Amino acid sequence: MRESTLYLVPPKQLHVAILMDGNGRWAAARGLPRSAGHRAGVEAVRRAVHAAPSLGIGTLTLFAFSSSNWQRDPQEVGALFGLLEKFFFSEAFRAQEHDVRISAIGRRDRLPSTLLSAIEAAETATAQNDGLDLRIAVDYSAREAMLRTACWMISSTEVTQREFSRRLAEVTHSPAESSDVDLLIRTGGEQRLSDFLLWECAYAELHFTDRMWPDFTSADLELAIRDFHARDRRFGAAPAALANVTAS
Ligand code: IPE
Ligand code: IPE
Ligand code: MG
C-alpha cells in the first residue's frame, strides 16, 4: 500500500473587530451614571476575550475610545481611562495564563502617563504569547491614521497595499501589521462605522445588533460568528454557485 502523507492545514483564524456601543444607554435605562455602564462593559470585554479562541478568533480588535470621544465630559473621559488602566494591568496578569497577547492601537501622545504605563507594561509582559491577539483601540481614528500614513508616503512614487498596511500599523503603534477584518460587530443598535478600521474593513462582513454592550454575552458572539460563516464572501468574484453556468 502506498504511504500517504497527511497535511494538516490549520483553519484560518478570524479577525473580529467589535465596536462596543451602548454603555451609556445601558446605564441610563437603570438610572445609573454613564460610568457604571462603562464598568459593566469591562465585564462584557472579559467574556468576549474568554470566548474568542474557541470560536476560531485569532485577532480581536475592540474599540474602547475613539479620538472623537474627547468631546465628552472630562469626568466621563477620566472614568473611562481609569477603567482602561485597571484593565491593562489586570488583563496582563490573566493574559499570561491564557496565552493572550495584548496591545493598544491609536495615538499615545495624548493619554495620561499612568494609562500609558499600564499599556506598555501589558504589551511587554504579553509580547511573547501567541494565542489570541487582543488589540484595544484607544484614542483611535482610522481617518487620522490613514491621513498620517498618506503624508508619510507622499514622497514615494509607488506604494503597494501591503506597504500601506505596514505603515498604517506603525502610525497606530500596532506591534504587528494590521490584518483585514473578517467580521465587524457593532452593538447598541446604531449601524455606522464611526471611524473604526476603515482601511481594514474593506471586505469585512458587518453584523449589527441591538444588544447594548454590557449585555453582550459569549452566546451573542457565537451567534455573530455563525452568521458570519453562513455568508458568501466573494471579494468581487462571481458567486461560486453561478460560476460554472456563466463562465462559458
Ligand atoms: C460605548 O458606549 C463606549 C464608548 C464610546 C467609550 P457609549 O458610551 O457610546 O454608550 P451610548 O452609545 O451613549 O449608549
Ligand atoms: C464609537 O462609539 C466609539 C466606541 C465604541 C469607542 P460612539 O458612541 O462614540 O459613536 P457614535 O457617536 O455613535 O458615532
Ligand atoms: Mg455610543
Side-chain angles (χ1 to χ4, degrees), residues 15-49 52 57 59-88 90-91 102-112 114-116 118-119 122 134-147 172-174 178 181 183-201 204 206-217 220-221 224:
H15 181 178
V16 173
I18 310 183
L19 226 149
M20 312 179 290
D21 197 22
N23 294 353
R25 280 164 287 160
W26 181 92
R30 288 160 181 77
L32 298 170
R34 293 179 62 84
S35 57
H38 297 314
R39 209 171 310 120
V42 176
E43 287 314 308
V45 168
R46 294 215 166 95
R47 289 195 291 271
V49 170
I57 299 171
T59 303
L60 183 63
T61 306
L62 304 177
F63 207 2
F65 186 85
S66 89
S67 297
S68 308
N69 291 148
W70 285 108
Q71 298 173 74
R72 297 189 181 194
D73 188 311
Q75 248 192 325
E76 182 179 352
V77 174
L80 268 164
F81 286 167
L83 285 167
L84 278 167
E85 193 180 315
K86 264 201 224 149
F87 176 82
F88 277 101
S90 62
E91 276 322 286
I102 305 180
S103 59
I105 60 165
R107 282 180 66 160
R108 299 196 174 191
D109 57 314
R110 301 188 288 197
L111 301 181
T114 47
L115 174 54
L116 194 56
I119 289 174
L134 175 62
R135 309 181 332 141
I136 312 289
V138 184
D139 197 0
Y140 176 88
S141 157
R143 255 192 189 179
E144 197 207 35
M146 286 161 77
L147 195 59
T172 56
H173 303 274
S174 173
S178 187
V181 170
L183 170 66
L184 176 106
I185 300 169
R186 180 168 186 147
T187 60
E190 312 292 358
Q191 303 194 355
R192 53 178 171 255
L193 294 178
S194 301
D195 203 8
F196 190 35
L197 301 172
L198 301 182
W199 170 267
E200 294 85 345
C201 280
L206 309 178
H207 180 97
F208 298 109
T209 166
D210 288 338
R211 189 87 77 216
M212 297 295 147
W213 177 249
D215 289 330
F216 195 80
T217 63
D220 293 319
L221 184 57

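As the structure lists them, so they are numbered: ligands from 1, and atoms in each ligand from 1. Since we're looking at a predicted model, the values are computed, not measured. Just so you know, these numbers use all the heavy atoms, side chains as well, and skip hydrogens, waters and symmetry mates.
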| request: Check each atom of ligand 2 against the heavy atoms of F65 and keep those under 4.0 Å away; list them by number with element. | output: 6 (C)

| said: Taking N, O or S atoms only and a limit of 2.8 Å, check whether D21 reaches the Mg ion (ligand 3). | reply: yes

| query | Using heavy atoms and a threshold below 4.0 Å, how should the contact between R25 and ligand 2 be classified: side chain, backbone, both, or neither? | reply | neither

| Considering only protein heavy atoms, which is closest to atom 10 (O) of ligand 1, and at what distance to one decimal place? | G24 N, 2.9 Å

| When only distance counts, is N69 in polar contact with ligand 1, meaning an N/O pair under 3.5 Å? | no

| said: Using modelled atom types and a 3.5 Å cut-off, is there a donor and acceptor pairing between side-chain atoms of D21 and backbone atoms of G188? | reply: no

| query | Which residue owns the protein heavy atom closest to atom 12 (O) of ligand 2, what's the atom, and how far is it? | reply | R192 NH2, 4.5 Å

| said: Using a 4.0 Å cut-off to any heavy atom of H38, which atoms of ligand 1 qualify? | reply: 3 (C), 8 (O)

| Check: S66 side chain, Y140 main-chain N or O, donor-acceptor pair, under 3.5 Å | no

| message | Looking at ligand 1, would M212 count as a contact under a 4.0 Å heavy-atom criterion? | response | no

| query | Yes or no on side chain to side chain contact (heavy atoms under 4.5 Å, CB included) for V45 and E91, after CA distance, side-chain angles and deciding distance? | reply | CA-CA 11 Å; V45 168; E91 276 322 286; over 6 Å; no

| field | Of the listed options R72, E190, E76, closest to atom 9 (O) of ligand 1 (non-hydrogen atoms) | value | R72

| field | Trace of the side chain to side chain contact (heavy atoms under 4.5 Å, CB included) decision for W26 with L32 | value | CA-CA 9 Å; W26 181 92; L32 298 170; 4.3 Å; yes

| task | Give the residue, atom name and distance (to 0.1 Å) of the protein heavy atom nearest atom 14 (O) of ligand 2. | result | S194 OG, 2.6 Å

| Close approach of G188 to ligand 1, heavy atoms, under 4.0 angstrom | no

| query | Between R135 and T172, does a side-chain hydrogen bond (donor to acceptor under 3.5 Å, both in side chains) hold up when you go through it step by step? | reply | CA-CA 11 Å; R135 309 181 332 141; T172 56; 6.0 Å; no

| message | Under 4.0 Å, heavy-atom basis, I'd like to know which part of F196 is in contact with ligand 2: side chain, backbone, both or neither. | response | neither

| request: Say whether A64 and ligand 1 are in contact under the criterion: heavy-atom distance to a ligand atom below 4.0 Å. | output: yes

| request: Begin from the C-alpha positions of L60 and L221 and carry the test side chain to side chain contact (heavy atoms under 4.5 Å, CB included) through to its verdict. | output: CA-CA 12 Å; L60 183 63; L221 184 57; 5.7 Å; no

| message | Give me the nearest non-hydrogen protein atom to atom 1 (C) of ligand 2 as residue plus atom name, then the distance to 0.1 Å. | response | L19 CD2, 3.5 Å

| Top protein contact for atom 13 (O) of ligand 1, by heavy-atom distance | R34 NH2, 3.0 Å

| request: Keeping the roles fixed (side chain from E76, backbone from D73), state whether a donor-acceptor pair exists under 3.5 Å. | output: no

| query | Where does the angle between the aromatic ring planes of F63 and F196 fall among parallel (under 30°), tilted (30 to 60°) and perpendicular (over 60°)? | reply | parallel

| task | Could you give me the CA-CA distance, side-chain angles and deciding distance for R39 and K86, then say whether side chain to side chain contact (heavy atoms under 4.5 Å, CB included) is met? | result | CA-CA 11 Å; R39 209 171 310 120; K86 264 201 224 149; over 6 Å; no

| field | For atom 8 (O) of ligand 2, closest protein heavy-atom neighbour | value | D21 OD1, 3.2 Å

| message | Within the 4.5 Å heavy-atom criterion, are T61 and E200 side-chain neighbours or not? | response | no

